Amino acid sequence: MNTIKSTTRPMPSRLSRAKDSVSDFFLMLYRVYAFVLRFFKEVLMPPYDLKEIVRQCYETGVRSFTLITLTGFIVGVIFTKQSRPSLTGFGATSWLPSLVSIAIMKALAPLVTALIAAGKVGSSIGAELGSMRVTEQIDAMEVSGTKPFKFLVCTRVIATTITIPLLSTYVAFIALLGGYLNVSANEGTTYTTFMEQAFDPLTFVDFWASLSKAIVFGFTIGIVGCYQGFNADKGTEGVGKAANGAVVTAMFLVFIEEVLIVQIAGWFR
Amino acid sequence: MQKQKAKIDTSNEVVKIRGLEKSFGDYDVLRGIDLDLYQGENLVVLGRSGTGKSVLIKLISGLLRPDAGSIEVLGNDVAAISQRELEALRIRIGFSFQNSALYDSMTVRKNLEFPLVRNRKGITKAEIDKNVESVLDAVGLSQTINQMPSELSGGQRKRIGIARTLILNPEIMMYDEPTAGLDPITCIEINDLINEVQKNYNTSSIIITHDLTCAKQTGDRVAMLLDGQFQRVGTFEEVFKTDDVRVKPFYDYNFTE
Ligand SMILES: Nc1ncnc2c1ncn2[C@@H]1O[C@H](COP(=O)(O)OP(=O)(O)OP(=O)(O)O)[C@@H](O)[C@H]1O
Ligand SMILES: [Mg+2]
């Protein structure tokens with residue numbers, strides 16, 4: 001008979017519970033690492049599912065496009081507006097375009113894109129694969145020899161790794177546009193002057209650092225979303241947890257990677 | 001339709017299970033299972049809800065790993081072979097899930113094509129269409145070809161799930177409650193389908209069910225899972241010729257007032 005064993009263990013203390021959840025988190029990061037290794041092992045083997053990759057790129061782009069456009073623009077306008085007073089103090093408002101573009105290109109564009117994509121794309125990948133796991137669709141693929149890891153995970157990770165850098169570049173220009181509109185309304189700077197000043201302080205290294213950040217963020221969001229969904233627990237609760245876990249973990253990793261990449265880019269200057 | 005005598009080769013076990021154990025946490029689900037599935041036979045597995053029937057076929061297909069014991073499928077030790085060999089083996093085994101497990105994001109046609117497109121390299125469009133139409137016809141659902149799974153009824157989903165498994169012409173079929181929740185007429189059709197698959201393709205099948213009519217019409221042998229072991233195995237009549245209180249209710253509930 002299947003009797004339910006009573007679980008009258010003493011309530012764990014608050015401290016030991018916190019310790020458990022921290023060690024769970026690091027255990028999870030280790031599993032994500034193993035998942036990454038599996039990705040690189042499987043991604044090179046056929047079939048390549050090009051059609052599915054294109055479809056996933058489209059999904060990724062479309063899902064976050066409106067929100068990203070809006071946020072990018074607003075960030076550009078607000079950042080310019082808020083920076084002005086501190087420059088006016090030194091009589092240096094003419095530096096505004098340079099300041100704005102450095103901030104946007106080097107830091108804001110990839111980060112803003114990544115955070116929004118983590119919320120929109122990462123969570124929906126987590127939920128989608130999570131519900132496929134819970135309803136045994138992934139098992140069904142597994143037992144029919146159709147390689148679900150390739151079809152579901154590899155395609156999505158490739159898609160986010162391609163799409164998020166593109167979106168980040170797009171956000172950079174939209175934010176610059178926001179900055180330009182604000183500067184031209186207040187200081188009357190022309191478009192050509194603004195752009196000249198904006199791109200003057202940027203070096204090739206800055207551009208590459210920004211792009212590689214976006215690529216790493218894209219990969220992270222894709223792999224974490226897939227990891228959470230692919231390993232979701234049974235039950236409806238599992239789907240919600242997967243979606244939530246995808247966002248939280250991806251954001252955490254994005255911040256860590258941001259710090260690391262800024263450090264590394266510093267060595268090349 | 002009464003079942004015809006099947007061609008069963010009892011010297012050839014396509015599935016051979018010895019001393020199989022599996023537990024989840026501190027609940028021992030399977031406690032030393034021995035089971036043979038012979039070439040060409042339909043074996044019905046009965047047992048109360050939660051006794052581990054679904055777990056058993058998941059172990060056979062390598063979705064779960066055994067804690068102890070051996071599972072040999074078509075001559076391969078499922079727990080010992082490599083991932084690649086397991087994938088190759090799985091194509092030869094059909095697995096129809098208890099809850100259908102249709103791919104939500106794909107139409108019925110795409111669901112059925114999926115295993116073909118991904119397993120048979122170089123298959124032509126015409127061949128795919130032919131296969132899709134023939135399995136759809138076999139389960140009597142040709143009209144649903146362009147529908148999404150969410151638009152189908154539970155029974156229709158179940159039949160599409162079976163069709164998707166049949167499309168690869170598996171040597172072993174595992175049906176997890178194929179008739180659960182279906183109307184009597186569809187049940188009869190499914191039973192006939194299971195028998196036709198056996199006869200036409202010489203497939204060996206494991207049929208999990210609570211439906212004794214299905215068990216009687218399709219099964220060459222019946223195995224009853226009691227307390228984590230197959231304690232009663234034999235023909236339908238042999239298994240139910242007992243006063244065991246764990247067995248009798250199955251029969252009484254299905255066939256008497
Ligand atoms: N992945 C899993 N993790 C933990 N426990 C599981 C898992 N799969 C099954 N179980 C447990 O194993 C037991 C047997 O489950 P199984 O699904 O095989 O039952 P069943 O015999 O198919 O029942 P039913 O007739 O209701 O389908 C159940 O108690 C279930 O809780
Ligand atoms: Mg079951």
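Naming: A, B, ... by sequence-line order, numbering from 1 per chain. Computed from a prediction, not measured in an experiment: that's the story for all the values here.
Residue Glu237(A) qualifies as open at atom CD: its count of foreign heavy atoms under 6.0 Å is 12 or below. In this structure, Tyr58(A) places its OH atom where only 12 or fewer heavy-atom neighbours from other residues, nucleotides or ligands lie under 6.0 Å away. Shown here is Arg246(B), whose CZ atom has more than 12 heavy atoms of other residues, nucleotides or ligands within 6.0 Å. The neighbour count for Lys51(A) NZ, taken as heavy atoms of other residues, nucleotides or ligands under 6.0 Å away, does not exceed 12. Counted within 6.0 Å of OH on Tyr48(A), heavy atoms from surrounding residues, nucleotides or ligands total more than 12; the atom is thus considered enclosed. Heavy atoms from other residues, nucleotides or ligands lying under 6.0 Å from CZ of Phe25(A) number more than 12. Counting non-hydrogen atoms of neighbouring residues, nucleotides and ligands closer than 6.0 angstrom, the NZ atom of Lys22(B) exceeds 12 such neighbours.
Only the side chain of Leu168(B) comes within less than 4.5 Å of a heavy atom in chain A; its backbone stays farther off. For Asp104(B), the parts sitting under 4.5 Å from any heavy atom of chain A are the backbone and the side chain alike. Contact of Phe97(B) with chain A is made through the side chain alone, with heavy-atom distances under 4.5 Å. Heavy atoms closer than 4.5 Å to chain A are found in the backbone of Leu102(B), but not in its side chain.
Atom OG of Ser105(B) sits about 9.5 Å away from atom CD of Glu59(A), to the nearest 0.5 Å. Atoms CG and CG, from Asp139(A) and Leu64(B) in turn, are 8.0 Å apart once rounded to the nearest 0.5 Å. Taken to the nearest 0.5 Å, the CD atom of Gln83(B) stands 8.5 Å off from the NZ atom of Lys147(A). Atom CD1 in Ile91(B) sits 9.0 Å away from atom OG1 in Thr146(A) (nearest 0.5 Å).
By number of non-hydrogen pairs under 4.5 angstrom with chain A, the leading residue of Arg164(B), Glu87(B), Gln98(B), Lys121(B) is Glu87(B).
Taking both residues in full, the closest heavy atoms of Ser61(B) and Val143(A) are given as OG-CG1, 3.7 Å, listed atom of the first, atom of the second, then distance.
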For Arg118(B) and Lys150(A): C-alpha separation, side-chain torsions, deciding distance, then whether side chain to side chain contact (heavy atoms under 4.5 Å, CB included) applies. CA-CA 11 Å; Arg118(B) 292 185 75 75; Lys150(A) 285 234 63 168; 4.2 Å; yes

Please report the C-alpha distance between Met106(B) and Gln137(A) in whole Å, then the side-chain angles of each, then the deciding distance to 0.1 Å, and finally whether the side chain to side chain contact (heavy atoms under 4.5 Å, CB included) criterion is met. CA-CA 11 Å; Met106(B) 305 181 196; Gln137(A) 292 176 51; over 6 Å; no

